[in-house]
There are 2 protein chains.
Amino acid sequence: MNQPFPSKTPARILNAAEMLFAQHGYDGTSMRNITRKAGVNLAASHYHLGDKESLYALVFTRRLQPVNEARLARLQQAELAAAGRPVPLPLALDIMARPLFELCADARGSGRYFARILGRSLTDPLPFMDGLLARQFQPAMARFAQALRRHAPNLSPEEFLWRLSFVIGAMHHTLATLHCMQDLTRGICRNDDHGKALTLFVEFAALALTAPATANLKSPGA
Amino acid sequence: MNQPFPSKTPARILNAAEMLFAQHGYDGTSMRNITRKAGVNLAASHYHLGDKESLYALVFTRRLQPVNEARLARLQQAELAAAGRPVPLPLALDIMARPLFELCADARGSGRYFARILGRSLTDPLPFMDGLLARQFQPAMARFAQALRRHAPNLSPEEFLWRLSFVIGAMHHTLATLHCMQDLTRGICRNDDHGKALTLFVEFAALALTAPATANLKSPGA
DNA sequence: GATCGTATAAAACGTTCGTTTGACTACATC
DNA sequence: GATGTAGTCAAACGAACGTTTTATACGATC
């Protein structure tokens with residue numbers, strides 16, 4: 001466990017900020033609430049971590065960077081093992097989804113709060129996060145799109161990307177609502193059942209990506 | 001066109017609020033920004049529409065109520081036409097999705113901003129919106145779940161609901177990111193291509209719901 | 001033991017927030 | 001022409017905001 005900071009204060013602040021940003025969003029969370037929850041002085045956050053925007057960015061990269069590194073490492077290993085043949089689709093999807101699901105399943109750490117921050121960042125990005133999001137996601141996503149594409153050679157590039165968008169939307173929506181599935185389903189699905197959600201998601205995504213191309217784009221209409 | 005208000009001011013405020021809430025969220029939008037954009041006095045919003053929370057709720061119901069009414073009306077009509085047999089799956093999905101897609105496609109009105117407000121409300125609900133969201137969505141969603149269920153009789157209730165969650169996630173993620181698809185796909189998908197998105201989504205969702213049940217819940221693992 | 005960098009603390013900075021007040025106008029009704 | 005109502009307006013309220021300043025305490029280094 002390498003501590004990037006000699007003091008424990010920055011970690012306390014990051015943990016408190018992660019919880020509060022997840023629950024109330026960027027604008028809905030005040031520096032005073034964060035530092036009060038962390039049990040540190042108001043000025044400590046500016047001293048250690050800079051202003052509020054940079055604190056938010058740090059909350060973000062602290063979790064996401066290991067996830068994307070794990071994704072890329074596992075994908076590279078799988079591609080080596082496949083020796084030029086396509087990485088099996090369920091495996092590729094599992095590699096894409098599992099690090100995120102496992103991060104969000106980490107109930108002891110505050111990693112589970114991160115799902116909501118991530119979900120928010122995709123659907124309404126904060127202006128100052130634009131560049132950071134692109135840098136964090138582009139490399140991994142480009143590699144996965146390439147790997148998945150080989151299982152859907154008959155789809156047009158456009159239809160493939162639309163389906164990939166559906167799949168990614170399903171994944172992030174699932175992660176973001178995992179904590180309230182019990183309410184949404186009148187008790188039939190359990191809250192925080194990451195294992196089942198991951199399994200079903202992988203199967204769902206494999207089907208969605210390999211289904212035959214749409215014959216034409218006429219819609220059923222009204 | 002029945003005007004629910006004799007003055008034009010409330011509509012101006014609602015339109016401005018819709019745009020700003022969509023772009024910057026509830027906490028990121030101030031009453032001063034809203035009324036400035038609407039070209040009305042700061043006090044006018046409280047006079048006509050009550051406090052900020054009630055303004056947000058009004059922005060919400062103004063768009064959502066007609067959508068859910070249209071959904072239920074079309075579903076009822078389709079169920080009558082089906083005369084006891086299941087409503088065809090693509091039709092049921094079209095009925096569920098089309099009113100939302102069309103609302104968000106309305107580029108002249110500010111309806112297109114609504115997609116982002118809706119997406120936000122699903123993944124991070126504001127505390128004061130809890131009851132309102134449930135009242136708005138429960139009736140329609142319960143009916144649709146029932147209609148769709150008949151096409152997936154071999155799925156366990158739990159697996160069916162997980163898949164339905166994936167599908168609804170895909171729909172809302174798609175609507176919320178429609179306006180930036182061009183950037184996300186390096187120009188391959190067009191922005192605001194609601195027609196194609198709707199067609200592909202319906203096909204995608206039909207496949208996802210009717211696919212065979214997962215044999216067991218073992219995952220592919222690492 | 002003086003000096004320096006690190007860390008924490010309380011207090012204050014100026015700004016913006018949501019909301020309210022009270023006065024003013026336009027127009028209908030009696 | 002007096003009265004009442006709906007609507008608009010500038011101004012102000014207290015509270016909370018992000019950030020900065022200033023001061024203090026603790027170790028290590030020389």
Side-chain angles (χ1 to χ4, degrees), chain A residues 2-60 62 117 120 124-129 132, chain B residues 2-60 62 117 120-121 124-130 132:
Chain A
N2 261 355
Q3 291 276 81
F5 302 100
S7 159
K8 271 179 282 188
T9 303
R12 296 174 60 84
I13 296 172
L14 285 169
N15 289 336
E18 183 171 57
M19 289 192 231
L20 292 173
F21 282 143
Q23 293 179 281
H24 307 111
Y26 179 78
D27 290 299
T29 305
S30 72
M31 295 300 297
R32 284 172 169 82
N33 275 333
I34 292 171
T35 49
R36 190 183 313 126
K37 187 177 189 85
V40 305
N41 187 269
L42 176 58
S45 184
H46 287 89
Y47 176 78
H48 288 285
L49 306 167
D51 65 10
K52 191 184 179 185
E53 293 189 357
S54 111
L55 169 60
Y56 189 86
L58 285 171
V59 165
F60 208 82
R62 178 175 71 144
I117 297 183
R120 224 190 308 257
D124 37 62
L126 294 163
F128 62 89
M129 289 283 288
L132 194 148
Chain B
N2 262 355
Q3 292 277 79
F5 302 101
S7 159
K8 271 178 283 190
T9 302
R12 295 173 60 84
I13 297 172
L14 285 170
N15 289 337
E18 185 171 55
M19 289 190 234
L20 293 173
F21 282 143
Q23 291 179 283
H24 308 112
Y26 179 79
D27 290 299
T29 304
S30 72
M31 295 299 297
R32 285 173 169 81
N33 276 333
I34 292 171
T35 49
R36 190 185 311 128
K37 186 176 190 84
V40 305
N41 186 270
L42 177 60
S45 183
H46 287 90
Y47 177 77
H48 288 286
L49 306 167
D51 66 10
K52 191 184 179 185
E53 292 189 356
S54 113
L55 168 61
Y56 189 86
L58 285 170
V59 165
F60 207 83
R62 177 174 73 142
I117 297 183
R120 223 190 307 259
S121 291
D124 37 62
L126 294 162
F128 62 88
M129 290 283 288
D130 270 1
L132 194 148

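Each chain gets a letter, A, B and so on, in the order its sequence line appears, and its residues count up from 1.
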Separation of C:dT16 atom P from B:Asn33 atom CG, nearest Å, is 11 Å
Nearest-Å distance, CD1 (A:Ile34) to C1' (D:dA16)? 14 Å
In this structure, how many angstroms lie between the P atom of C:dA12 and the CG atom of A:Leu42, rounded? 14 Å
To the nearest angstrom, how far is B:His46 atom NE2 from D:dC9 atom P? 16 Å
Please state how far atom CG in A:Leu49 lies from atom P in D:dG18, giving the value in whole angstrom units. 15 Å
Rounded to the nearest angstrom, tell me the gap between atom CE in A:Met31 and atom C1' in C:dA9. 16 Å
Is there a donor-acceptor pair under 3.5 Å between the side chain of A:Thr35 and the backbone N or O of A:Ala43? no
Separation of B:Arg32 atom CZ from C:dT15 atom C1', in whole Å? 11 Å
For B:Arg120 and B:Phe21, indicate whether the former's side chain and the latter's backbone hold a donor-acceptor pair under 3.5 Å. yes
Just N and O in the side chain of B:His48: are any of them under 4.0 Å from OP1 or OP2 of D:dT8? yes
May I ask you to evaluate whether B:Ser30 reaches the phosphate of C:dT16, defined as a side-chain N or O under 4.0 Å from OP1 or OP2? no
Side-chain N or O of A:Thr9 versus OP1/OP2 of C:dA7: is the shortest distance under 4.0 Å? no
Could you tell me how far apart B:Tyr47 (OH) and D:dT8 (C1') are, to the nearest whole angstrom? 9 Å
Counting only side-chain nitrogens and oxygens, does B:Asn41 get under 4.0 Å of the OP1 or OP2 atom of D:dA10? yes
